[in-house]
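Structure, as structure tokens:
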Amino acid sequence: MALPKAKEDALQARLAGLPALSGKGWLAAARGEALARLDAMGLPVRRDEYWRYTDPASLNAPEAPVAHRFDASDEAPPFDGMDRLKVVFVDGVFDPKASDDLTLAGVTIERLAEAGSKDIHWAQGTYGILEARGQTPVARPFAALNTAHATDGVLIHVTARAAKPVSLIYVHQSETSDAILHHCVKLDPGAELTLLENGPAAARFSKVLEVEVADGARFHHIRLQGRDHERRAVTHVFARLGTRSEMRSFTLTANGRLTRNEAVVELTGTEGRAHLAGAAVGDGEFHHDDTVFITHAAEACESRQVFKKVLMNGATGVFQGKILVKPGAQKTDGYQISQSLLLDEDSQFLAKPELEIYADDVKCSHGSTSGAIDETALFYLQSRGLPRRTAQALLVLAFLAEAIQEIADEDIAEDIRARLERWLARHGTKG
Amino acid sequence: MLEINNLHVKLEEEDKVILNGVDLKIGAGEVHAIMGPNGSGKSTLSYVLSGRDGYEVTEGSATLDGQELLEMEPEERAAAGLFLAFQYPVEIPGVGNMTFLRTAVNAQRKARGEEELSAGDFLKVVRAKAKTLKIDAEMLKRPVNVGFSGGEKKRNEILQMAMLEPRMCILDETDSGLDVDAMKLVADGVNALRSEGRSFLVITHYQRLLDHIHPDVVHIMAAGRIVKTGGPELALEVETNGYADILSEVG
């Protein structure tokens with residue numbers, strides 16, 4: 001079916017604004033296929049089912065809207081002092097001086113921009129492959145656009161237990177930068193990797209992360225999206241999990257004009273485990289959208305989605321989360337919770353939790369709530385001498401606790417809790 | 001210590017008068033009990049004194065050591081030395097009991113210009129006090145009041161009182177929902193805190209709590225006012241004859 005003219009025009013305008021990429025090697029072929037997928041679906045519009053709550057206009061625009069960088073030097077950079085391998089991108093451009101040497105025991109790390117021109121590469125079996133699988137039943141045009149136009153990224157092949165975490169650092173400098181990065185991670189059977197990501201990245205950031213987690217492998221992912229107020233981001237995680245493998249992913253989002261974080265996870269082997277969590281806090285011009293799709297395609301897998309948002313002064317939160325249990329995926333244990341704490345009447349939370357189950361012996365639960373802070377609890381704490389703001393911060397952190405508990409590393413969890421506490425102290429709450 | 005003069009209070013939302021001219025004076029080290037039928041305004045009095053939203057003071061005053069309480073935020077009243085043991089202690093999921101206690105103790109110390117207690121010192125004090133109230137380490141770790149039995153919640157209130165060392169303690173129907181043993185434990189906890197510089201206002205329906213916490217003065221409250229004041233024998237009279245006689249007597 002041909003695209004409506006408006007969609008076709010929008011797509012052509014967007015593509016015209018992107019730099020031409022050289023066409024050789026395996027990557028050129030993958031890009032070509034992604035472009036064909038994108039041509040067939042076009043860019044999203046508000047009328048599309050999965051874009052009803054989030055306006056894609058500023059993501060569609062040929063040029064990135066201006067976003068001033070935010071000086072976050074009042075607190076230590078995330079993961080400071082942790083022993084990790086740093087890979088730094090400034091406005092989406094690899095910074096060799098700030099990055100570590102890309103050699104690490106148990107891991108091979110290459111840059112997409114360098115490895116892409118080879119004739120044969122392991123990433124051929126991952127790059128754009130998981131993204132393409134994730135295009136049904138829900139189209140994800142920005143992911144296809146990313147696959148077709150990513151300028152760089154890292155290709156990480158984990159063959160054993162990584163000696164230390166790989167830390168991707170995204171620095172935002174230019175007010176009009178429009179960065180597109182695409183990473184692939186392939187974990188061999190029994191391998192383990194912790195991937196850290198932090199920073200606002202660019203005025204507008206598009207990122208895809210494709211992760212293949214083989215049998216018995218473990219992938220931990222922790223991401224902090226920086227503190228820039230004006231930046232925009234559309235990100236996707238596509239993951240495929242094998243037998244008795246594990247994936248844990250946690251995202252902290254504080255500030256940001258527009259954030260759309262999509263996660264598409266497929267549990268394909270028995271007893272796989274996928275935990276996805278996020279904590280988002282926004283004050284004022286803040287729109288945060290978590291769109292999650294977890295497919296149980298094998299028996300006895302466990303999935304958890306824990307997404308919490310704290311919204312004030314007109315901030316908007318969105319959650320679209322689905323658990324699909326395929327025929328035969330018996331003994332599935334699926335859990336989904338999405339909650340928002342609205343600190344005033346101007347903020348809003350829009351949620352669409354979905355369950356689709358084709359097996360009869362499963363345990364799936366989901367819940368979605370939005371509400372104000374509990375005044376009775378607030379009074380109780382105040383009556384014990386806690387100033388109202390301290391009491392409120394304590395209750396907000398308690399609200400976020402379930403999401404933070406999903407972080408496996410306790411030091412990181414404690415650091416993130418402290419960041420949230422400082423954020424709450426900086427952002428005055430009404431009342 | 002606590003002085004309440006001609007206190008008139010109505011609900012903010014509806015035009016309903018709850019307290020209709022309460023006069024009460026509690027001296028340092030004294031234990032006063034307020035008894036009265038349901039709806040007489042006993043709990044409202046405790047909430048108004050501790051600063052809960054939803055009430056409007058239309059007339060009168062309440063001072064603690066000469067400081068006007070009714071103008072203060074709830075946390076300022078706490079720092080001034082007022083403590084309310086809740087009839088229904090609030091469950092707070094996600095906030096550990098220990099974190100809560102330490103934050104509260106240190107918030108009050110800070111408000112009074114005192115140095116905050118170190119984690120180690122705090123732990124020592126809280127363990128010792130918890131032990132006398134038969135509160136185990138597990139209860140200290142759990143979220144505030146979540147999953148606590150009725151008795152555990154009330155003991156937790158007394159533990160908070162013991163930690164915060166207030167000068168004026170109000171106990172709002174602390175005996176409700178307690179069996180005899182639990183009530184004795186709570187009463188022992190309160191009695192241990194009795195001292196010359198600390199006063200208590202015990203709100204209760206029944207005489208039985210007063211068998212354990214002996215009051216100096218007993219007040220009967222009805223229709224938003226103190227209608228009769230006497231010694232401990234007044235509580236016994238209520239126990240034997242109910243409120244009807246007293247209420248008809250005061251007309």
Side-chain angles (χ1 to χ4, degrees), chain A residues 277 279 281 306-310 337-341 343-344 367 369-407 410 413-414 416-418 420-422 424-425 428-431, chain B residues 46-55 69 72-97 99-112 114 116 143-146 153 156-157 159-161 163-166 169-170 172:
Chain A
V281 290
V306 182
F307 289 90
K308 305 262 187 163
K309 300 181 192 348
V310 177
I337 185 105
S338 64
Q339 295 181 308
S340 272
L341 190 58
L343 294 181
D344 53 53
T369 63
S370 65
I373 209 142
D374 181 353
E375 284 292 333
T376 314
L378 203 54
F379 171 64
Y380 189 65
L381 294 173
Q382 283 181 273
S383 79
R384 298 306 182 242
L386 274 66
R388 191 178 170 89
R389 279 189 69 151
T390 310
Q392 197 159 16
L394 201 62
L395 293 176
V396 172
L397 285 171
F399 166 79
L400 294 169
E402 189 186 358
I404 297 169
Q405 274 158 14
E406 289 293 331
I407 301 169
E410 286 204 2
E414 194 42 56
I416 283 174
R417 208 187 323 272
L420 284 163
E421 209 170 334
R422 289 193 294 270
L424 291 167
T429 54
K430 283 186 181 172
Chain B
S46 71
Y47 286 143
V48 170
L49 290 175
S50 53
R52 188 175 185 143
D53 276 350
Y55 302 100
L69 283 175
M72 296 184 197
E73 293 298 320
E75 61 266 31
E76 293 168 340
R77 303 180 196 208
L82 186 78
F83 181 91
L84 169 65
F86 281 55
Q87 182 180 3
Y88 303 109
V90 181
E91 296 188 6
I92 309 182
V95 177
N97 209 12
T99 309
F100 162 60
L101 279 170
R102 202 174 78 196
T103 314
V105 167
N106 282 335
Q108 291 204 15
R109 293 178 76 96
K110 200 175 158 191
R112 291 193 293 255
E114 298 164 16
E116 294 188 6
V144 180
N145 293 325
V146 178
K153 283 182 181 170
N156 202 31
E157 293 292 287
L159 175 64
Q160 292 165 38
M161 194 158 92
M163 290 304 298
L164 295 170
E165 301 180 331
C169 309
I170 304 172
D172 186 11

Can you say whether [X] sits under 4.5 Å from chain A via the side chain, the backbone, both, or neither, judging by heavy atoms?
X        : answer
B/Arg77  : neither
B/Val144 : side chain
B/Pro89  : both

Segment of A/Thr390 engaging chain B (4.5 angstrom heavy-atom cut-off):
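Just its side chain gets close to chain B.
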| request: Begin from the C-alpha positions of B/Lys110 and B/Glu116 and carry the test side chain to side chain contact (heavy atoms under 4.5 Å, CB included) through to its verdict. | output: CA-CA 6 Å; B/Lys110 200 175 158 191; B/Glu116 294 188 6; 3.5 Å; yes
With a 4.5 Å cut-off on heavy-atom pairs, point out which of [options] contacts chain A the most.
options                             : result
B/Asp53, B/Thr99, B/Val105, B/Leu84 : B/Leu84
B/Glu91, B/Glu76, B/Glu157          : B/Glu157
B/Ala107, B/Pro74, B/Gly94          : B/Pro74

Does A/Arg384 use its side chain to pair, donor to acceptor, with the backbone of B/Gln160 at less than 3.5 Å?
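Checked: no pair found.
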For the residue pair A/Phe379 and B/Tyr47, does the interplanar ring angle fall in the parallel (under 30°), tilted (30 to 60°) or perpendicular (over 60°) class?
->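 Perpendicular.
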For this session: Could you tell me which non-hydrogen atom of B/Pro166 sits nearest to which non-hydrogen atom of B/Phe83, and how far apart they are?
Result: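 That would be CG-CB, 3.3 Å.
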Note: A/Arg388-A/Glu375 ion pair, threshold 4.0 Å (strictly below):
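A/Glu375 and A/Arg388: salt-bridged.
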Q) Does OH in B/Tyr55 sit with more than 12 non-hydrogen atoms of other residues, nucleotides or ligands closer than 6.0 Å? A)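 Above 12, so yes.
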